[in-house]
Amino acid sequence: MICKLIGIPLQDGASQLGCEMGPSALRVAGLAGTIEGLGHDVRDLGNVSVGAAMVMPHANQAIRNLGPVAAWTELLAEVAYRESDEGMPIFMGGDHALSAGTVAGVSRRAAEEGKPLFVLWLDAHTDLHSLQSTQSGNLHGVPVAYFTGRPGFEGYFPPLAAPVDGANVCMIGIRSVDPAERAALEGTQITVHDMRTIDEHGVAALLRDFLERVSAAGGRLHVSLDVDFLEPTVAPAVGTTVPGGATFREAHLVMEMLHDSGLVTSLDLVELNPFLDERGRTALLLVDLTASLLGRKVLDRPTRSY
Ligand code: DIR
Ligand code: MN
Ligand code: MN
Ligand code: MN
């Protein structure tokens, strides 16, 4: 398979600086060579960059960097649309605000192909704030509301070519939801598997149900992996750690099952903040998780102490 690496040094959506180093850390950790070693054709397309953005005033004074994030969203929607023509684009973030653009772009691609787009959201958070409801003002908290077509983005973020149907979005790992997001969830058909559900049923059964739906619908599948999906002791390099996350094995099992399904058409690796890492261990973990998604078997995994 052709894998296209696309670096997105975006940090304007996060509370802490450092995500702009994410693409570099993933390269240094050996992402390209690892994927090549699995027999794939890797093309590193370099980093995307936006020029100086406009100041965009908004009634919600808490919002930070609205102009720049809007500009990134517009550019990334174009890049994601273009690069989803063939092979699997791997979007190396960068904070999670980038998914507003990447999902908008791959959704436009799916619509053109006459297929539904499904999104697997692996995260501690639902990222379902509107521009009005965010209290932190960090725009990595809004991408799901945007790409599912919820109101309030008009005149700020670019119009969506094809909003994603909430019924096609499955969230796994959720354990930190703000009250406004909780209220917004009620009005959607998004599937939310919180950590308690995972504890009780196991991640495999939950994921299998979703993958069967994707397969039956003949959909494209975009996977968005936020570092804070994982338990902070395994993946410390993220600005918004939340205890009680997915274990090392739960995360790998998700990736292994995604590989076996053959359904994944695009991937975000987001929120890696190398400044918070411990000798690159979180970057290496993301490389290994991506390897599992692209076919590496447990028996072939190099032994690392992390
Ligand atoms: C919180 C945290 N819900 C916010 N969101 C994060 O700032 O809106 N998303 N960390 O990944
Ligand atoms: Mn092309
Ligand atoms: Mn997130
Ligand atoms: Mn998160």
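First listed ligand is number 1; within each ligand, the first listed atom is number 1.
The ligand atoms of ligand 1 that sit less than 4.0 angstrom from a heavy atom of T240 are 10 (N). Near D178, meaning under 4.0 Å from any of its heavy atoms, are these atoms of ligand 1: 1 (C), 3 (N), 4 (C), 8 (O). Contact atoms of ligand 1 toward D226: 11 (O) (distance under 4.0 Å to a heavy atom of the residue).
Counting only heavy atoms from C-beta outward, the side chains of H140 and T240 approach each other to under 4.5 Å. The side-chain heavy atoms of E78 and R108, taken from C-beta on, include a pair separated by under 4.5 Å.
With the Mn ion (ligand 4) as the vertex, OD2 of D226 and OD1 of D228 span 90° to the nearest 10°.
Any N or O atom pair closer than 3.5 Å counts here, and T134 shares no such pair with ligand 1. When only interatomic distances are considered, the shortest N/O to N/O separation between S136 and ligand 1 falls below 3.5 Å.
In terms of protein heavy atoms, atom 9 (N) of ligand 1 is closest to D127 OD1, 2.9 Å.
Taking the six-membered ring where the residue is Trp, H222 and F91 present tilted rings, their angle falling between 30° and 60°.
Here the side chain of R64 pairs no donor or acceptor atom with the backbone of D12 at under 3.5 angstrom.
The hydrophobic cluster containing V119 does not contain L289, counting ILVMFWY residues as joined when their side-chain heavy atoms lie under 4.5 angstrom apart, directly or transitively.
Contact between H140 and ligand 1 is present, with at least one heavy atom of the residue lying under 4.0 Å from the ligand.
With ring centers used as reference points, Y156 lies under 6.0 Å from H58. The distance between the ring centers of F157 and W72 does not fall below 6.0 angstrom.
Atom ND1 is the N, O or S atom of H96 at the shortest distance from the Mn ion (ligand 3). Per residue D123, closest N, O or S atom to the Mn ion (ligand 3): atom name OD2. Note on H125: its N/O/S atom closest to the Mn ion (ligand 4) is ND1. Closest N/O/S atom of D127 to the Mn ion (ligand 3): OD2.
If you check the side chains of S224 and H96, you find a donor sitting under 3.5 Å from an acceptor.
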Quiz item: Taking it one step at a time, do D226 and H125 satisfy side-chain hydrogen bond (donor to acceptor under 3.5 Å, both in side chains)?
Solution: CA-CA 9 Å; D226 183 324; H125 309 95; 4.6 Å; no
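Counting heavy atoms closer than 4.0 Å to ligand 1, residue V177 contributes nothing at all.
Taking only non-hydrogen atoms, the option from E271, E181, H129, H125 nearest to atom 10 (N) of ligand 1 is H125.
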